[in-house]
Amino acid sequence: MPIFKAKERETPQVDFSRLPRHVAIIMDGNGRWAKRRGLPRTAGHAAGAETFRTIATYCKDIGLEYLTVYAFSTENWKRPAEEVSAIMGLLKKYLLEAIGKMEKDRVKMKFLGDLSPLSDELKELCLRTEEISTHYDGCQVNICLNYGGRDEIVRAARALAAECAAGQRKAEDITEADLSAHLYTAGLPDPDLVIRPSGELRLSNFLPWQSAYAEFYFTDVLWPDFTREELNKALAAYQARSRRFGGV
Ligand code: IPE
Ligand code: IPE
Ligand code: MG
């Protein structure tokens, strides 16, 4: 059982024996957090990376099975080159530190997205992180990197079309499960809860297929200010929802 700070214990509603299996978070609001402090946007990304570390560790401590975070979208390349390279630099720093501490943290890490445009060094670090943590059995943390939900569905459609063209399957036999099996998230349960901080009320191309029946939680808190207590609030809100999946 995790040890809570007094403040966190005050969040009474979370039943840790009834957690969602899979929580997904759109880590948004880094730029605005920095702007409010008169800092460059990159300082917001650095603060956001720290928040990620805290929240991922917390998820492992409370026994969550899957955490998926949106770190960089297929659309984020539209940002100024200096901001993109600062984000990639922070990712490198984070991965190097994570690799150093992996035996202690034992968090299983996976990357979802098209890693091909990343530098060889970053790609190698991502692969190494995945390989080292393959056998860890704690929380699995998926980092969506150069991830776009529509891009992911197009890739799946292409792969299925190619299998049809090769005579390996018939178009009319394709099922939802077949499409799911061709997504980056193949084998993972769908997210139960999708959290978006920063006050924006949209998905921004994050897990659109997988979130078809997810519960959504929005908060104005900016990602660098997101705390374990904020996550507890989201979990409590989730536990108060009634999921029907189209039934009664
Ligand atoms: C999210 O924070 C981080 C990335 C998209 C990489 P933003 O950089 O989008 O922060 P805001 O939305 O401008 O505040
Ligand atoms: C979504 O945030 C992407 C990540 C958090 C990585 P954005 O800041 O890119 O989304 P929009 O532009 O506000 O929709
Ligand atoms: Mg944003």
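Remember, it's 1-based here, ligands and their atoms both numbered in the order they're listed.
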Practice item. Determine which of the N, O or S atoms in Asp28 is closest to the Mg ion (ligand 3) and give its atom name. Key: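 Result for Asp28 and the Mg ion (ligand 3): OD1.
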
Check your understanding: Quick check: are there more than 12 heavy atoms from other residues, nucleotides or ligands sitting under 6.0 Å from NZ of Lys123?
Key ->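 Yes - once you tally the heavy atoms of other residues, nucleotides and ligands closer than 6.0 Å, there are more than 12.
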
Check your understanding: Quick check: does any side chain N or O of Asp225 sit under 3.5 Å from a backbone N or O of Leu222, one acting as donor and the other as acceptor?
Key ->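 Answer holds: no.
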
**Study point:** Under 3.5 Å donor-acceptor, Glu50 side chain and Pro224 backbone
**Key:**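 Not confirmed, Glu50 side chain does not pair with Pro224 backbone.
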
Relative to the heavy atoms of [X], which atoms of ligand 1 are at a distance of less than 4.0 Å?
X     : result
Ile87 : 6 (C)
His45 : 3 (C), 8 (O)
Asn76 : 5 (C)
Arg32 : 11 (P), 12 (O), 14 (O)

Point to revise | Flag side-chain contact, heavy atom, 4.5 Å: Arg41 against Arg79 | key: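 Arg41 vs Arg79: side chains touch.
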
Check your understanding: With side chains defined as the heavy atoms from C-beta onward, is the minimum distance between Cys164 and Ile174 less than 4.5 Å?
Key ->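 Yes; the side chains approach each other to less than 4.5 Å.
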
Check your understanding: Where on Leu222 is there a heavy atom closer than 4.0 Å to ligand 1, on the side chain, on the backbone, on both, or on neither?
Key ->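 It is neither part, as no heavy atom is under 4.0 Å.
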
Review point. Between Glu200 and ligand 1, which residue portion shows a heavy-atom distance shorter than 4.0 Å: side chain, backbone, both, or neither?
Key: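 It is neither; nothing of Glu200 touches ligand 1.
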
Review point. Should Ser198 be listed as contacting ligand 1, given a heavy-atom distance under 4.0 Å as the test?
Key: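 Outside the 4.0 Å threshold, so no.
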
Point to revise | Option with minimal heavy-atom separation from atom 3 (C) of ligand 1, where the choices are Val84, Asp28, Asn30 | key: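 Looking at heavy atoms only, Asn30 sits closest to atom 3 (C) of ligand 1.
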
Check your understanding: Should one rank Ala71, Ala34, Gly29 by closest heavy-atom distance to atom 6 (C) of ligand 1, which comes out on top?
Key ->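 Among Ala71, Ala34, Gly29, the closest heavy atom to atom 6 (C) of ligand 1 comes from Ala71.
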
Point to revise | Interfacing atoms of ligand 2 (cut-off 4.0 Å, heavy-atom, Arg202) | key: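 Taking each heavy atom of Arg202 in turn, ligand 2 has 11 (P), 13 (O), 14 (O) under 4.0 Å.
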
Exercise for review: Number the atoms of ligand 2 from 1 as they appear, then name those within less than 4.0 Å of a heavy atom of Phe72, with their elements.
Suggested key: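 Checking each atom against Phe72, I get 6 (C).
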
Practice item. Could you tell me whether Gly31 and ligand 1 have an N or O pair separated by under 3.5 Å? Key: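 Among all N and O atoms of Gly31, at least one is under 3.5 Å from an N or O of ligand 1.
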
Review point. Polar-atom distance check: Arg41 versus ligand 1, any N or O pair below 3.5 Å?
Key: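 Yes, Arg41 has an N/O under 3.5 Å of an N/O on ligand 1.
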
[X] and [Y]: side chain donor to acceptor below 3.5 Å:
X      : Y      : answer
Asn146 : Trp77  : yes
Ser242 : Arg244 : yes
Trp223 : Ser198 : no
Arg53  : Tyr58  : no

[atom] [closest protein heavy-atom partner, distance rounded to 0.1 Å]:
atom                    : value
atom 2 (O) of ligand 2  : Arg196 NH2, 3.5 Å
atom 14 (O) of ligand 2 : Ser204 OG, 2.6 Å
atom 5 (C) of ligand 2  : Met27 O, 3.5 Å

Check your understanding: Do ligand 2 and Arg79 have nitrogen or oxygen atoms that lie under 3.5 Å from each other?
Key ->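 For ligand 2, there is an N or O atom that lies under 3.5 Å from one belonging to Arg79.
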
Point to revise | Pair Phe111 + Tyr184: ring centers closer than 6.0 Å | key: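 That pair fails the under 6.0 Å test.
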
**Study point:** Mutual orientation of the aromatic rings belonging to Phe245 and Tyr213 [parallel < 30°, tilted 30-60°, perpendicular > 60°]
**Key:**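 Rings of Phe245 and Tyr213: tilted, as their planes differ by 30° to 60°.
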
Review point. Is the shortest distance from atom 12 (O) of ligand 2 to a protein heavy atom below 4.0 Å?
Key: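 For atom 12 (O) of ligand 2 the answer is no, since every protein heavy atom stays at 4.0 Å or beyond.
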
Exercise for review: Please say which of Glu124, Glu131, Glu130 ends up in a salt bridge (Lys or Arg N to Asp or Glu O under 4.0 Å) with Arg128.
Suggested key: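 So the option named by the test is Glu124.
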
Review point. Taking both backbone and side chain into account, is any N, O or S atom of Glu200 nearer than 2.8 Å to the Mg ion (ligand 3)?
Key: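 So Glu200 does not bind the Mg ion (ligand 3) by this criterion.
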
